[in-house]
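Okay, structure first, notes after.
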Amino acid sequence: MKDAHVYSHYRDTVIGAVVDLAAEHEDVVFLDADLSSCIGSTAFQKAYPERFFNCGIAEANMTGIAAGLSAMGFVPFIHSFGCFASRRAYDQLFISVGYTHQRVIVIGSDPGITAQYNGGTHMPFEDIALMRQIPGMVVVEPSDAQSLYSLTQQVYHSGSSAYIRTPRKGINFRYGAGDEIVLGKGIELADGKDVALIATGSLMVDAALKAKDMLKEKGIEATVVDLHTIRPLDTDLVERVAKRCGRVLVMENGRYAGGVGEMIAMHLAKTNPVKMDFMNVGERYGEVGNLQYLAGAFGFTAENAAEKAERLVR
Amino acid sequence: MNNELLKSLKDAAFEIRCRTIREIASFGSGHIGGSMSIVELLSYLYFREMNVDPKDPAKEDRDRLVVSKGHSGPAVYAALSLKGFFPEDWLSTLNQGGTKLPSHCDMTKTPGIDFTGGSLGQGLSAAIGIALGERLKGQVSRTFAIIGDGEAQEGQIYEAAEAAGAWGLDNLFAFLDQNGQQLDGYTADIIPSIGTVERWKSFGWDVYEISGHDYQQIEEAVENAKRVKGKPHMIVMNTIKSYGYIPGEGVKANHSMAISKEGAEEAIKALKDREGRV
């Protein structure tokens, strides 16, 4: 796999992965909704102008056009901010893409509080739940650039429609080009026996790893899972860590209703009920601020995770 | 249009109408109004204009039709059966559990259906994607789309209108079934369609306004449209909702109607008499 260190932001990484796919596969096309400068899909436009369509600020139409291109045998990648890619164009995603068995790969950028200065109107928390309602839709939220590159390529080869949930700005490296990153298989970053922290996305996986260190100082050994593929759920991994620890904290930069926590709780309710707690935005709407402020305001911090985990154990 | 062709198209339309009425009667009720208003267009497209092969419904270089007003399904199925895409007896399975003919056109179920319609406002966008796909593949095939005047209250239609105009998609031929009625009554009483022709022209389309029940006018508009390059084509068809199902003509609530088997035969006889058929 290509080393993602050549990229300097998540946006370059995800678009770079699509451009590399387009070099090998003539069926790859890209549609944006007037946010190509924000995600950097201008790089795709430059490389393959005839396969790039800027649909303007019209996400529903963009999604429908993508469905039509899919019906002609193309594999469209479409991009907007996660809120518009999911909420604004939802019936089009559900009917024109899902119900018709078309195949579209949606890049929803700036999930949850990573929307920062665009504020509450631009802050998708419920995108995970919405995408989970579309039968067959794969949902990934990679936690670093290497897994973002790898999973973007893997969703193309999976044959499924998919939602790629990623921040645009900043970059983080957790994995190397030689590490095994497999769509549908979460990665255990620590294997402590007392409590399992299952996290999605860079922000939450980072918080989980810090929380693990804090817990260690208190004599609590934590398992940490990078659940980069939200759907389909890696049930083997969830069952294994739940059995090992007997206590599970699910950490997501999203909404509780229909989110990752509910999904895991439902699975464990059937297979192995354990004590659980959840870190998510609950009933709140988003608000404006920098990432540090927002993480504090919503309790998306290592300290909060460690506290919740400790309460589960004690 | 020569008399022989005109007669064959009129015969096809009569047969599609008979099949549609009996099809809906087999279930007991259905979307008769918006089915009957596009029968001349369907017969023209399937028996005169479109390059399709009922023996090979998925052939790559075919022309494609997106019936965005998917509730016209019963008439589309009648036309497809007449064209030979599937046996006529399928029509009596309309809306039955497990059928290949659901009330709204569904590309995953019915041979010959090129895209799913039903959630109104979405089909024109899909047609744009199909037309772009044809262009990318260098195909000379064309994409046809049918939308309704009630459907054109959906905002997505105008997102699509703007994009298709901007991109000059001259392989896209859309028809607006302007029958003046929608589920709740007359569009004039709900949200009137004002300046339809000017509206589509303003989006950069090549626009015609015709009677949707007159083959000469349909042919003239389609042939003229084919000569216009660099613009998508919109043929606004003034039609009568339920045209040819006489018990529904002029009736306010004719979007979906109950039709008994006996009622179907009476209606077909009445149509036969009106058309002077023996």
Side-chain angles (χ1 to χ4, degrees), chain A residues 22 25-34 44-45 48-78 80 84 87-106 134-136 161, chain B residues 58-66 68 70 102 104-110 113-139 141-145 147 154-167 169 171-172 203:
Chain A
H25 305 282
E26 286 187 353
D27 57 7
V28 173
V29 295
F30 202 105
L31 290 78
D32 211 314
D34 194 44
F44 189 104
Q45 182 179 19
Y48 303 103
E50 74 288 355
R51 288 195 259 162
F52 178 86
F53 305 98
N54 195 330
C55 299
I57 309 164
E59 297 78 11
N61 187 43
M62 172 175 74
T63 305
I65 291 172
L69 280 159
S70 167
M72 287 298 290
F74 292 92
V75 182
F77 282 75
I78 67 176
S80 186
F84 310 130
R87 293 196 306 255
R88 175 61 68 98
Y90 193 62
D91 195 46
Q92 289 73 20
L93 271 175
F94 195 91
I95 296 295
S96 287
V97 177
Y99 184 76
T100 59
H101 302 181
Q102 296 311 310
R103 188 176 175 222
V104 173
I105 299 171
V106 183
I134 301 173
S161 285
Chain B
K59 76 168 180 163
E60 182 69 21
D61 65 346
R62 71 187 187 279
D63 292 327
R64 288 164 170 80
L65 172 63
V66 178
S68 188
H104 297 82
C105 296
D106 188 329
M107 68 186 295
T108 68
K109 296 196 161 53
T110 315
I113 296 292
D114 293 313
F115 207 85
T116 297
S119 182
L120 292 176
Q122 297 196 20
L124 193 57
S125 302
I128 290 173
I130 293 169
L132 283 175
E134 288 173 331
R135 205 186 240 191
L136 277 174
K137 289 186 166 182
Q139 289 180 198
S141 57
R142 299 151 308 161
T143 304
F144 296 89
I147 64 173
E154 289 279 4
Q156 190 183 344
I157 291 290
Y158 302 99
E159 293 185 1
E162 204 167 32
W167 295 338
L169 283 176
N171 56 337
L172 175 61
F203 284 118

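Within every chain, numbering begins at 1; the chains are lettered A, B, ... in the order of the sequence lines, protein sequences first and strands thereafter. What's counted below: heavy atoms across the whole structure, side chains too, no hydrogens, waters or symmetry copies.
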Side-chain donor-acceptor distances from residues 59-68 of chain A under 3.5 Å, at least two apart:
unit_1, atom_1, unit_2, atom_2, d
A:Asn61, OD1, B:Ser125, OG, 2.6
A:Asn61, ND2, B:Glu159, O, 3.3
A:Thr63, OG1, A:Glu59, O, 2.8

Shortest non-hydrogen contact from A:Ser96 toward B:Phe115: O-CZ, 3.5 Å

Distance-minimising heavy-atom pair for A:Met72 and B:Gly129: CG-O, 4.5 Å

Gap separating the NE2 atom of B:His104 from the OH atom of A:Tyr99, nearest 0.5 angstrom: 9.5 Å

Top contributor to chain A contacts, counting heavy-atom pairs under 4.5 Å, from B:Gly121, B:Ala163, B:Ala166, B:Ala160: B:Ala160

Over 12 foreign heavy atoms within 6.0 Å of CD, B:Gln139: yes

Side chain / backbone / both / neither for A:Glu26 at chain B, heavy atoms under 4.5 Å: neither

Region of A:Asp27 in contact with chain B, defined by heavy-atom distances below 4.5 Å: neither

Pairwise distance OG1(B:Thr116) to NE2(A:His101) - rounded to 0.5 angstrom: 8.5 Å

Rounded distance [0.5 Å steps], CG in B:Leu120 versus CG in A:Asp91: 10.0 Å

A:Arg51 atom CZ: more than 12 heavy-atom contacts under 6.0 Å: yes

Sidechain-backbone polar pair: B:Lys137 side chain, A:Gly73 backbone, donor-acceptor under 3.5 Å: no

Selection residues 126-136 of chain B - residue pairs positive for side-chain hydrogen bond (donor to acceptor under 3.5 Å, both in side chains), sequence neighbours left out: B:Glu134-B:Ser141, B:Glu134-B:Thr143, B:Glu134-B:Asn171

Most chain A-contacting option - heavy-atom pairs closer than 4.5 Å, from B:Thr108, B:Asp106, B:Val66, B:Ile157: B:Thr108

Structural part of A:Phe94 lying under 4.5 Å from a heavy atom of chain B: neither

Side chain to side chain, A:Leu69 and B:Leu136, heavy atoms closer than 4.5 Å: yes

Closest heavy-atom pair and its distance - A:Phe74, B:Gly133: CE1-CA, 3.6 Å

